[in-house]
Undergrad: 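Below you will find the structure I want to go over with you.
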Amino acid sequence: MLAICVAAVALLVYSSIIEPNLMVTSTRMTLSFESLPEDFNGFKIAHVSDLHFGTWHLAVRNDLVVRAIEGFEPDLIVVTGDLICKPLSVDEALRFTARLTSIAPTIVVLGNWDYWSGADVTLFVEGLRGIGAVVMFNEWVALKRGSSEIYVVGLDDPHTMRDDLAKALNRVPPNAFKILLAHSPQAFKATLGQVDLVLAGHTHGGQVVIPLLGLLYVPLPPDSREYVKGLFVEGETSMYVTSGVGCSLLPLRFLCPPEVALITLVKSES
């Protein structure tokens, strides 16, 4: 009985303190695209998602995330939603995002918990923009390098059905290289053939993975539950789903540590 109690305490300490706070992982990948302009060959994007400020965590987690992103030396940072989950966490989220904008240009889209948090979303967005972040709602921004440009498309949250892909892509040149930011990967199928790369979060990679049984819960509709984490390629459209940083509902992670990703774009030969 004593051994069982010790094991249970050790498991709780590991899943509530060690893994969610001290085991931030850095994933690096290189993705090749024929359609990428030569001027953007080697363009580096740091992808972070699901910070969930408002759920208990140690401050060192934030430091580890920022340190990882600094080490990436990115050209662009993207945050794919769920920064906050409680009204009182807005200031912490803004302080953290200000650290990101000091590293590289930062683009943000919102997620379901940003809307469900009870915070004043308008004021939150004003705060993000006030510290230099670009926040997009079904719209796009062009990034220029040399004589070329690519388009970053910000889709409003698909999980709460605020997304409007047609509006987001309106007036984007059809042959342009397009990166779409969406909180939830459930938007992926609608984007096929319309964008080159989708970056998403929302799933937390499952957050808790039970040995032999698998994921405890995946917050996706049945037709999208295959998109839990990692790289997916269908036709000419690729998607990377990050496991994210924070925790939802309970401050626990097990066999699914926090993740910050670096995606390096390279131009492939035709």
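Because the structure is predicted, anything quoted here is derived from the model rather than measured.
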Undergrad: Are the side chains of Leu169 and Gln194 in touch, meaning some heavy atoms are under 4.5 Å apart?
TA: yes

Undergrad: Please tell me if the side chains of Asp164 and Asp156 come closer than 4.5 Å, counting only heavy atoms from C-beta onward.
TA: no

Undergrad: Can Thr27 and Val260 be said to form a side chain to side chain contact (heavy atoms under 4.5 Å, CB included), step by step?
TA: CA-CA 6 Å; Thr27 300; Val260 181; over 6 Å; no

Undergrad: About how many Å separate CG of Leu249 and NE2 of His204, when rounded to the nearest 0.5 Å?
TA: 8.5 Å

Undergrad: Is there a continuous path of hydrophobic side-chain contacts, each under 4.5 Å between heavy atoms, that joins Val172 to Leu143?
TA: no

Undergrad: Taking Tyr151 as the starting point, is it possible to reach Ile45 by hopping between hydrophobic residues whose side chains are less than 4.5 Å apart?
TA: no

Undergrad: Return yes when atom NZ of Lys167 has more than 12 non-hydrogen atoms of other residues, nucleotides or ligands closer than 6.0 Å, and no otherwise.
TA: no

Undergrad: Give, for atom CG of Leu64 and atom CG of Asn21, the distance between the pair rounded to the nearest 0.5 Å.
TA: 9.0 Å

Undergrad: Under the ring pair (Phe, Tyr, Trp, His ring centres under 6.0 Å) criterion, do Phe33 and Phe177 qualify, and how do the steps go?
TA: CA-CA 9 Å; Phe33 300 91; Phe177 186 87; 5.1 Å; yes

Undergrad: Is the closest basic N to carboxylate O distance between Glu38 and Lys267 below 4.0 Å?
TA: no

Undergrad: Show me, pair by pair, the donor-acceptor contacts under 3.5 angstrom made by side chains of residues 98-112, not counting sequence neighbours?
TA:
{"residue": "Arg99", "atom": "NH1", "partner": "Asp63", "partner atom": "OD1", "Å": "3.0"}
{"residue": "Arg99", "atom": "NH2", "partner": "Asp63", "partner atom": "OD1", "Å": "3.2"}
{"residue": "Thr101", "atom": "OG1", "partner": "Ala98", "partner atom": "O", "Å": "3.0"}
{"residue": "Thr101", "atom": "OG1", "partner": "Ile131", "partner atom": "O", "Å": "3.1"}
{"residue": "Ser102", "atom": "OG", "partner": "Arg99", "partner atom": "O", "Å": "2.6"}
{"residue": "Thr106", "atom": "OG1", "partner": "Ala104", "partner atom": "O", "Å": "2.9"}
{"residue": "Asn112", "atom": "OD1", "partner": "His183", "partner atom": "NE2", "Å": "2.9"}
{"residue": "Asn112", "atom": "OD1", "partner": "His202", "partner atom": "ND1", "Å": "3.2"}

Undergrad: Does the side chain of Glu259 pick up a donor-acceptor pair with the side chain of Thr25 at under 3.5 Å?
TA: no

Undergrad: Which heavy-atom pair separates Val245 from Val65 by the least distance, and what is that distance?
TA: CG1-CG2, 3.8 Å

Undergrad: Would the number of heavy atoms belonging to other residues, nucleotides or ligands and lying under 6.0 Å from NZ of Lys44 be above 12?
TA: yes

Undergrad: Drop me the distance from Trp116's CH2 to Ile84's CD1, to the nearest 0.5 angstrom.
TA: 13.5 Å

Undergrad: Applying a strict under-4.5 Å side-chain criterion to I, L, V, M, F, W and Y, I'd like to know whether Leu94 and Val48 cluster together.
TA: yes

Undergrad: List the atom of Ser15, the atom of Pro20, and the distance in Å for their closest heavy-atom pair.
TA: O-CG, 3.0 Å

Undergrad: Are any of the side-chain heavy atoms of Phe43 and Thr264 separated by less than 4.5 Å?
TA: no

Undergrad: How close do Ala200 and Ser184 get, heavy atom to heavy atom, and via which atoms?
TA: CB-C, 4.0 Å

Undergrad: First locate atom CZ of Arg28, then atom CG of Leu262, and finally report the distance between them rounded to the nearest 0.5 Å.
TA: 6.0 Å

Undergrad: Please name the pair of heavy atoms, one in Gly246 and one in Gln207, separated by the smallest distance, quoted to 0.1 Å.
TA: O-OE1, 4.3 Å

Undergrad: Heavy-atom distance under 4.5 Å between the side chains of Lys86 and Ser117, does that happen here?
TA: no

Undergrad: List the steps, then state whether ring pair (Phe, Tyr, Trp, His ring centres under 6.0 Å) holds for Phe53 with Phe96.
TA: CA-CA 10 Å; Phe53 289 110; Phe96 175 84; 5.4 Å; yes

Undergrad: Stepwise, does the side chain to side chain contact (heavy atoms under 4.5 Å, CB included) test hold for Leu76 with Val152?
TA: CA-CA 10 Å; Leu76 176 70; Val152 179; 4.3 Å; yes

Undergrad: Does any part of the side chain of Pro37, heavy atoms only, come nearer than 4.5 Å to the side chain of Glu149, both counted from C-beta?
TA: no

Undergrad: With a 4.5 Å heavy-atom cut-off, do His57 and Cys247 have their side chains touching?
TA: no

Undergrad: If you define the side chain from C-beta out and look only at heavy atoms, does anything of Asp196 sit under 4.5 Å from Thr237?
TA: no

Undergrad: Checking Asp50 side chain against Thr203 main chain: does a donor-acceptor pair fall under 3.5 Å?
TA: no

Undergrad: Would Arg162 count as a cation-pi partner of Phe137, with NZ or CZ less than 6.0 Å from the six-membered ring centre and within 45° of the ring normal?
TA: no

Undergrad: Say whether Leu22 and Ile69 are linked into one hydrophobic cluster, either directly or through other cluster members, by side-chain heavy-atom distances under 4.5 angstrom.
TA: yes

Undergrad: I need the full list of side chain to side chain donor-acceptor pair (under 3.5 Å) pairs touching residues 66-76, with sequence neighbours left out, sorted by first then second residue.
TA: Asp75-Arg145

Undergrad: Determine, stepwise, if the pair Ile179 / Val153 fulfils side chain to side chain contact (heavy atoms under 4.5 Å, CB included).
TA: CA-CA 6 Å; Ile179 302 166; Val153 181; over 6 Å; no

Undergrad: Hey, what do you get for OG1 (Thr30) to CG (Leu265), rounding to the nearest 0.5 Å?
TA: 9.0 Å

Undergrad: Kindly assign one of parallel, tilted or perpendicular to the pair Phe254 and Tyr14, based on the angle between their ring planes and the thresholds 30° and 60°.
TA: perpendicular

Undergrad: Output the distance between atom OG (Ser16) and atom CG (Leu252), rounded to the nearest 0.5 Å.
TA: 6.0 Å

Undergrad: In this structure, would Val134 and Leu180 fall into the same cluster of hydrophobic residues linked by side-chain contacts under 4.5 Å?
TA: no

Undergrad: Taking all non-hydrogen atoms of both residues, which atom of Gly81 and which atom of Ser49 are closest, and how far apart?
TA: O-OG, 3.8 Å

Undergrad: Please examine the side chains of Val198 and Ser238, heavy atoms only from C-beta on, and report whether any two atoms are closer than 4.5 Å.
TA: no

Undergrad: Please table the atom pairs, donor to acceptor, closer than 3.5 Å between any side-chain atom in residues 215-233 and protein atoms at least two apart or in another chain.
TA:
{"residue": "Arg225", "atom": "NE", "partner": "Leu220", "partner atom": "O", "Å": "2.6"}
{"residue": "Arg225", "atom": "NH2", "partner": "Leu220", "partner atom": "O", "Å": "3.3"}
{"residue": "Tyr227", "atom": "OH", "partner": "Glu234", "partner atom": "OE2", "Å": "2.8"}

